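Lettering follows sequence order; numbering is per chain, from 1. Quick note: numbers below take in every heavy atom, side chains included, and nothing from hydrogens, waters or symmetry partners. Predicted model only: the values in this text are computed from it and were never measured.
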There are 2 protein chains.
Amino acid sequence: MDETQAREAVTAPQKGTVTQRAIERIKAMIAEGRLEPGQRLPTERDLAAQLGISRSSMREAIRALTVLGVLEARHGSGIYVTQLEAGDLLETFGVVADLSRGPRLIELLEVRRILESTATALAAARITQEQLAEVEKHLTAMNTTDDPEEILAHDLSFHREIASAAGNETMAAILEGLSSRTFRARVWRGYQEEGAFARTRREHAAIHRALVAHDPEAARAAAAAHVGEVEEWLRSQLTP
Amino acid sequence: MDETQAREAVTAPQKGTVTQRAIERIKAMIAEGRLEPGQRLPTERDLAAQLGISRSSMREAIRALTVLGVLEARHGSGIYVTQLEAGDLLETFGVVADLSRGPRLIELLEVRRILESTATALAAARITQEQLAEVEKHLTAMNTTDDPEEILAHDLSFHREIASAAGNETMAAILEGLSSRTFRARVWRGYQEEGAFARTRREHAAIHRALVAHDPEAARAAAAAHVGEVEEWLRSQLTP
DNA sequence: ACCAGCCATGTGGTCGGACCACTACAGCCG
DNA sequence: CGGCTGTAGTGGTCCGACCACATGGCTGGT
């Protein structure tokens, strides 16, 4: 047993699986600042040797941190720490939305209503002319096409631009996850069949008016009503 | 159609790594309801054979879904689908908080302020006598000890009980992540050194009063002020 | 001298097999 | 009948080999 292994034996008392320990070690390295965003890590083989575990276990640890958006593996090049930006880390939030059903779907929508209304209110106070123009672009594009796929895409962009204008990228990323593609697609499926499409258009117009007027309270109310509308519909679907 | 496309048509679309595909396959199985919460999956060896990949790759996929809180592996027993409850899936949210620094920490705190104030307002309207008693238990316990570790624990429980009383488990789970252990510990380190401890006690008392009075507006204001206080302190620390 | 293209090197990605640690259950023994 | 033990089956770990890809230096031509 060499000195490295000897130190490990004292430092790391057998808690949990070796892979779990490896995950914690790497996370700790980043938290302590020993690994900067964008920096390249040692190779899988070296890392495994450093922690005294096999490459297989180390790969599982790396894979775990990869899906969490903390690390990024580039085939043939190396492993890198992500920029640790909101978007990188909160991508997993979409997974939650995708796998949630029934009552939890409504709870998620409730959270979205709270955040979206506040974000829209903030946006009304802070939005610039350029950002407003971008919002309008998606609004008109949404109203001039009949392709549901395209409408959905512009709808998402519409809200994303607003959330971004609120000046909190973290909140924007969370809302992005809560409005993830499959999540909305699932809800939309039966939603627009009930002729609620015109209403959605009116609600978007109301939000836009509040943004133009820089009226936070009106924006909050309009956004809350918009999400609440979907929320109510979904609630009625679950308890017929 | 070239040869590559022809081969893909017969076997499987070669998009991304095999592990990534395996993750998607399992996620899809759950999303489609073919795997129920709590259900036991086939063994790693069987799963690998079914998808035509090696056990190593399958293990990485399983590990990835494990850290996301979707699956749970019990040594010697098997792999199971979690209950897919908010707590299971949003545990990873704590990782984000742990690895966030600087401006993003403030953004996270801002999100927490929005959610916590709303949750506290909801709790004021809905809280029962039993839940109120539980809240009071942590409040008094927090005020009758000097052990910072214990104070922190009761502080966390205090807010968790309130969030739970709001009736939205998903929101409670998110707030739990935003107040994760290391996150708060980091902030507290220098915070209470500035004699802000008495103020924290007053703020908690104000929140409690609002809950007793079933006054949502007062509760919202008290909670917003409470989190905002920490937020302001942190902001001043970052831009000296 | 310069540049394009090739190729050696090193990296992550995949595979198969072996063994260990643990759980669960059936069957045995008291 | 109940507790105990043995055993089959599971996830956990390790090893070594090979593949796919990215990179940078080197070779060959111009």
**Fill in**
When rounded to whole Å, the CZ to P distance for the pair B:R40 and C:dC25 reads 10 Å
**Item:** nucleotides 16-23 of chain C: protein proximity per nucleotide (B base, S sugar-phosphate only, - neither; heavy atom, under 4.0 Å)
**Value:** B-BB-BBB
Atom pairs and distances, side-chain donor-acceptor, residues 97-108 of chain A, under 3.5 Å, sequence neighbours left out:
| residue | atom | partner | partner atom | Å |
| --- | --- | --- | --- | --- |
| A:D98 | OD1 | A:S180 | OG | 3.1 |
| A:D98 | OD1 | A:T182 | OG1 | 2.3 |
| A:D98 | OD2 | A:T182 | OG1 | 3.4 |
| A:S100 | OG | A:V96 | O | 2.7 |
| A:R104 | NE | B:L84 | O | 3.0 |
| A:R104 | NH2 | B:L84 | O | 2.7 |
| A:E107 | OE1 | B:E169 | N | 3.3 |
| A:E107 | OE1 | B:T170 | N | 2.8 |
| A:E107 | OE1 | B:T170 | OG1 | 2.6 |
| A:E107 | OE2 | B:E169 | N | 3.3 |

**Request:** Ignoring backbone atoms, establish whether B:T19 has a side-chain N or O less than 4.0 Å from OP1 or OP2 of C:dG13.
**Result:** no
**Prompt:** Just how far is it from atom CG of A:L152 to atom CD of A:E149, taken to the nearest 0.5 Å?
**Reply:** 6.0 Å
**Message:** What is the distance, to the nearest angstrom, from the CZ atom on A:R59 to the P atom on D:dG16?
**Reply:** 17 Å
**Request:** Determine, for A:E24 against A:K27, whether the closest basic-nitrogen to carboxylate-oxygen distance falls under 4.0 angstrom.
**Result:** yes
**Prompt:** Rounded to whole angstrom units, what separation is found between the CD1 atom of B:I79 and the C1' atom of D:dG9?
**Reply:** 13 Å
**Message:** Can you confirm whether B:V95 sits close enough to A:L89 that some side-chain heavy atom of one is under 4.5 Å from a side-chain heavy atom of the other?
**Reply:** no
**Item:** Carboxylate-amine/guanidinium proximity below 4.0 Å for A:R74 and A:E72
**Value:** yes
**Request:** Identify, between A:Q20 and B:T43, the residue whose nearest nucleotide on DNA chain D lies closer to the 5' end.
**Result:** B:T43
**Request:** Starting from P on D:dT10, measure out to CD1 on B:I62 and report it in whole angstrom.
**Result:** 13 Å
**Complete:** Whole-Å distance, A:Y80 OH to D:dA22 P, equals 12 Å
**Message:** With a 4.5 Å cut-off on side-chain heavy atoms, are B:K137 and B:E134 touching?
**Reply:** yes
**Request:** Using atom CG of B:L65 as one end and atom P of D:dG11 as the other, report the distance to the nearest whole Å.
**Result:** 14 Å
**Rounded distance (Å) that lies between atom P of C:dC15 and atom CD of A:E44** = 15 Å
**Message:** Expressed as a whole number of angstroms, how long is the span from A:E60:CD to C:dT14:C1'?
**Reply:** 14 Å
